[in-house]
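Reading through the structure tokens given below for one structure.
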Amino acid sequence: MYRTLQQRLINHATQTVQELYGVTLERVAVEQPPTVLLGDFALPLAFELAKRLRKAPRAIAQELAPQLASMAGIADVQVAGAGYLNVRMDRAATVQRIAAGEHSDVGGEGFRLVEHTSINPNKAAHVGHLRNAILGDTFARLLRPDEYKTGWPTGVQNYIDNTGVQVADAVVGLVHLQGKSLADVHALLLQLAAEGGRIDYYLWDLYARVSQWYDEDPLQKEARRALRLQTLHELEGGENDTARMADLVATAVLSRHLETMNRLSIEYDFLPRESEVLLLHFWEAARQEMIARGVLYEETAGKNKGCWVMRRPGVEELADGDTDEDAKVLVRSNGTVTYVGKDIAYHLWKFGLLSGKDFGYRVFREYPKHSCWISAVNGEEPHPYFGTASAIFNVIDSRQNDPQSNVVEALRGMGYAEAADHYTHINYAMVALTPRCAMDLGYSLSDEDRQRPYLEVSGRKGFGVKADDLLDKLIAAAKGEVDARHPETPEAERIESATAIAIGALRFFMLKVTRNTIIAFDFRDALSFEGETGPYVQYAAVRAANILRKAGVTEESSIAALAAVDTSLFLEGGMEIATAGDDLWSMWLLLSRVSAVLEQAIAAAEPAILARYAFQLAQEFSNFYHRNHVLNETDADRKTLLLATAAVTRRELARVLDWLGIRVPAAM
RNA sequence: GCGCCCGUAGCUCAGCUGGAUAGAGCAACUGGCUUCGAACCAGUUGGCCGGAGGUUCGAAUCCUUCCGGGCGCACCA
């Protein structure tokens with residue numbers, strides 16, 4: 001609603017300036033005045049015009065004001081300060097339109113492919129992985145079609161590096177540290193399942209041990225590294241017991257990861273695996289394509305002699321005889337493909353540019369509303385298609401900025417500018433642990449580490465907070481609060497509320513800071529349910545619902561009742577001191593901004609914008625709640641307005657929280 | 001050495017494409033539950049927006065430079 005009016009105002013202002021001064025404005029800035037007393041929109045355009053017209057800004061503003069005021073839906077326009085044009089909306093009319101759900105649509109054409117999570121399937125998920133998955137899942141929710149918006153057709157995939165060094169390390173541990181055979185690993189999985197144990201936790205420790213084992217004996221170091229490499233090659237080749245063991249383990253860990261994410265309502269549509277990228281020869285197709293397009297060539301001299309390399313962007317054609325030492329190696333001199341090479345092939349597939357190549361698909365698991373597919377050499381029919389994206393969004397740690405830009409530049413170099421332009425790396429800073437948190441977890445720290453503001457999480461060192469452990473702690477803490485407040489409620493309902501609160505706390509914790517902020521994780525902050533937290537926002541929504549329940553009305557009925565009421569009397573504003581009408585109006589004005597905020601969050605690929613807005617809504621409602629006692633309101637019309645305020649707030653709060661993946665509990 | 005990111009209240013962070021007296025939360029202190037349930041609200045204390053130049057009617061925001069911190073720069077994935 002806010003956005004609709006804003007756009008209309010911009011058009012009207014542009015036209016007015018054109019008519020009055022014959023000046024064409026390219027861009028009209030619209031801001032919100034510092035307080036609602038000054039107005040709902042502020043136009044600083046008189047400042048810009050002052051220079052061009054050689055006239056005082058205030059004088060220009062005076063001339064423009066009456067012209068602008070003629071627009072429908074606008075109550076008045078006033079000149080303030082040095083020349084601001086402050087615009088007031090027709091409050092009563094606007095409130096009716098907001099209540100009716102009028103808003104500008106968000107969405108468009110073209111398949112959006114969001115990729116997130118992508119945890120190496122060789123250990124348990126930790127807090128860093130949670131940030132990735134929560135960011136990606138939330139962004140997908142912003143894009144997807146729903147009752148509010150057209151959205152875009154959206155697919156979510158989780159790339160599984162099941163044949164990489166990390167899985168190889170787990171296999172080395174099982175085989176060479178523990179002497180296990182394929183049958184033994186089978187038995188281990190069965191035993192863990194029977195005992196309620198977990199393979200991802202089991203490997204968390206083993207992986208850390210293996211990483212240490214490689215380097216602990218200087219005499220053995222070389223041999224152990226060779227063993228690691230050999231194991232890796234066996235995985236990549238397939239068709240042997242080492243590869244079978246890796247597949248067994250990686251699939252079991254993957255299932256664990258999906259369970260962990262499922263606790264947070266995070267679901268996937270497709271799980272492409274590296275094993276199929278290899279077995280289906282994606283790279284070979286990409287290689288031929290790249291050679292044909294002159295991006296890839298064999299180096300004949302210099303340090304990269306014998307490799308196939310890619311020219312980096314911005315590097316000029318070299319004179320004959322010169323070698324480009326800075327070129328990126330995609331195929332090593334031993335003939336194997338580098339990570340970036342494989343990634344380029346994979347991304348060509350995403351955009352449907354890999355000349356007819358596609359994965360086979362089979363169903364891996366069922367969610368209540370859809371299936372999750374996994375890559376296969378020989379798939380099932382029929383199946384959905386994912387490699388047809390118009391735009392892709394990769395949620396990956398900022399430390400991968402350079403490799404990611406390599407892939408983009410390869411696409412551009414191949415002439416796929418359209419694809420390169422629609423490749424978004426949703427990067428984010430790491431989650432680290434505060435030294436205090438690390439010590440609480442029982443890690444011993446050096447004096448130097450103790451002084452640092454934060455310590456990087458490392459799966460290789462087994463250093464970090466496991467996702468499920470954190471969730472368990474959060475749920476236990478939330479349960480304690482619920483138990484204390486609602487001892488009479490049945491246990492099952494209390495558990496349900498506690499779970500929703502715990503997940504709300506976690507998701508909000510990860511989403512409230514912007515992507516490039518390093519999160520120094522601490523249990524004290526993460527387990528907080530007060531202040532700028534998910535539970536605070538949930539609580540506001542619950543209280544709004546409670547008002548309606550106690551009043552004996554529904555959300556729909558209280559909104560419908562508003563249509564028959566003239567609210568202008570109750571929304572009247574003051575001149576210098578804010579009135580009750582101003583307070584009420586600012587609640588509605590904030591409510592009107594949903595689609596504007598949503599659009600901004602999508603454009604910036606920044607869910608934090610929406611999370612902060614949710615908090616603002618909750619905070620404004622808490623104010624409203626304390627200033628207005630709805631049930632005791634004696635004026636029938638005003639009571640209708642107050643009930644509608646609670647109803648619309650609940651509606652929009654629930655909507656925004658749903659985009660953030662946070663449920664509103666029945667009671668708190 | 002090259003590239004990218006960051007430096008805002010005691011702490012953790014917002015601050016949109018430059019706009020009106022820089023905002024939240026936490027912590028500290030004061031006050032508010034017989035109430036639509038206090039996971040809340042009101043108030044107080046707290047900032048030379050790392051330093052210095054510049055652009056502009058106007059800079060936390062843009063440019064230059066310096067200081068301090070982080071990350072990335074493989075024939076590892």
Side-chain angles (χ1 to χ4, degrees), chain A residues 27 29 31-35 38 42 44 47-48 50-51 57 80-84 86 120 161 163-166 168 229 232 274 303-309 328-340 342-343 397-403 405 427 429-430 432 452-454 456 478 481-482 484-486 501 505 512-514 516-520 522 524-525 528-540 542-551 596-597 600 603-604 606 608-609 612 615-616 618-619 622-623 625-633 642-643 646 667-668:
Chain A
R27 206 170 53 81
E31 300 154 16
Q32 255 195 285
T35 95
L38 289 167
F47 299 116
E48 273 182 73
K51 209 176 354 172
Y84 281 99
N86 288 338
N120 274 299
D161 186 4
T163 55
V165 276
Q166 293 210 22
L229 202 61
L232 177 62
E274 189 180 62
K303 66 168 184 172
N304 293 334
K305 185 175 177 185
C307 297
W308 285 78
V309 300
K328 179 75 197 165
V329 173
L330 298 192
V331 183
R332 304 183 187 101
S333 53
N334 67 5
T336 58
V337 188
T338 63
Y339 169 77
V340 171
K342 280 183 269 192
D343 217 23
D397 196 317
S398 326
R399 284 171 287 192
Q400 303 264 356
N401 281 355
D402 287 351
S405 61
N427 58 356
M430 64 180 166
R452 291 170 170 274
Y454 53 82
E456 188 174 350
E481 296 287 332
V482 175
R485 285 156 217 257
H486 301 282
I501 291 163
K512 73 174 174 183
V513 295
T514 51
N516 66 7
T517 301
I518 293 172
I519 294 179
D522 197 302
R524 184 188 46 191
D525 300 332
S528 166
F529 299 150
E530 290 167 14
E532 214 170 49
T533 66
Y536 174 94
V537 183
Q538 291 170 312
Y539 186 61
V542 168
R543 289 212 296 197
N546 286 347
I547 293 175
L548 302 179
R549 188 165 41 76
K550 289 262 169 119
V597 174
Q600 202 189 338
E606 184 58 273
I609 294 172
R612 297 203 157 263
F615 177 73
Q616 243 185 305
Q619 203 174 35
S622 292
N623 278 312
Y625 181 92
H626 280 270
R627 283 192 295 242
N628 303 282
H629 201 284
V630 180
L631 300 184
N632 288 353
E633 176 59 47
L642 296 182
L643 281 170
M668 313 183 49

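Convention: sequence-line order gives letters A, B, ...; per-chain numbering from 1. Both backbone and side-chain heavy atoms feed into the values below; hydrogens, waters and symmetry mates do not. Owing to the predicted nature of the structure, the values given are computational and were not obtained by experimental measurement.
The same atom, C1', is picked in B/A77 and in B/U17; the two are 38 Å apart, to the nearest Å.
Along RNA chain B, the nucleotide nearest to A/A484 and the one nearest to A/V331 differ in position, and the one closer to the 5' end is contacted by A/A484. Checking A/A42 against A/H486, the closest nucleotide of RNA chain B that is more toward the 5' end is the one next to A/A42.
Dashed line: the shortest gap from a side-chain N or O of A/K512 to OP1 or OP2 of B/A24 is not under 4.0 Å. A/N516 has a side-chain polar atom (N or O) that falls below the 4.0 Å cut-off from OP1 or OP2 of B/C6. OP1 or OP2 of B/A38 sits under 4.0 Å from a side-chain N or O of A/Y625. For A/Y339 and B/A77, the shortest distance from a side-chain N or O to OP1 or OP2 is not below 4.0 Å. At the phosphate of B/C41, neither OP1 nor OP2 sits under 4.0 Å from any side-chain N or O atom of A/N623. The side chain of A/Y539 places no N or O atom within less than 4.0 Å of a non-bridging phosphate oxygen (OP1 or OP2) of B/C36. Between A/Q32 and B/A20 there is no side-chain N or O to OP1 or OP2 distance below 4.0 Å.
Remark: ring of A/H629 overlaps the six-membered base ring of B/C36 in a stacked fashion, centroids less than 5.5 Å apart, planes less than 30° apart. Once the 5.5 Å centre distance and the 30° plane angle are applied, the aromatic ring of A/F47 is found not to be stacked with the base of B/G58.
Shown here, B/A52 forms a base pair with B/U64; the pair counts as Watson-Crick or G-U wobble because both key distances fall under 3.5 Å. Base pairing analysis places B/A20 opposite nothing; no Watson-Crick or G-U wobble pair with both distances below 3.5 Å involves it. When Watson-Crick and G-U wobble pairs are counted only if both distances are under 3.5 Å, B/G1 pairs with B/C73. As the counterpart of B/C29, B/G43 is assigned, both hydrogen-bonding distances of the Watson-Crick or G-U wobble pattern falling under 3.5 Å.
A heavy-atom distance below 4.5 Å is found between the side chains of A/E532 and A/R612.
Taking atom CZ of A/R543 as the reference point, atom C1' of B/C33 lies 12 Å away to the nearest angstrom. If you measure from atom CD of A/Q166 to atom P of B/A77, you get 12 Å, rounded to the nearest angstrom.
Within 3.5 Å, no donor on the side chain of A/S622 pairs with an acceptor on the base of B/C41, nor the reverse. Applying the 3.5 Å distance criterion, the base of B/A24 shares no donor-acceptor pair with the side chain of A/R612. Side-chain to base pairing of A/D343 with B/A77: no donor and acceptor N or O lie closer than 3.5 Å to each other.
Here A/E31 lies in heavy-atom contact (under 4.0 Å) with a base. Contact annotation for A/D161: backbone-only contact, meaning every heavy-atom pair under 4.0 Å involves sugar-phosphate atoms and none involves a base.
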Working for side-chain contact (heavy atoms from CB on, under 4.5 Å), residues A/V340 and A/K328: CA-CA 9 Å; A/V340 171; A/K328 179 75 197 165; 3.8 Å; yes

Between A/L330 and A/V337, does the side-chain contact (heavy atoms from CB on, under 4.5 Å) criterion hold? Intermediate values first, please. CA-CA 6 Å; A/L330 298 192; A/V337 188; 5.6 Å; no

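Residues satisfying the side-chain hydrogen bond (donor to acceptor under 3.5 Å, both in side chains) test with A/E633, not counting sequence neighbours, are A/R638.
Atom-to-atom distance recorded for A/Y539:OH and A/N546:CG is 8.5 Å, nearest 0.5 angstrom.
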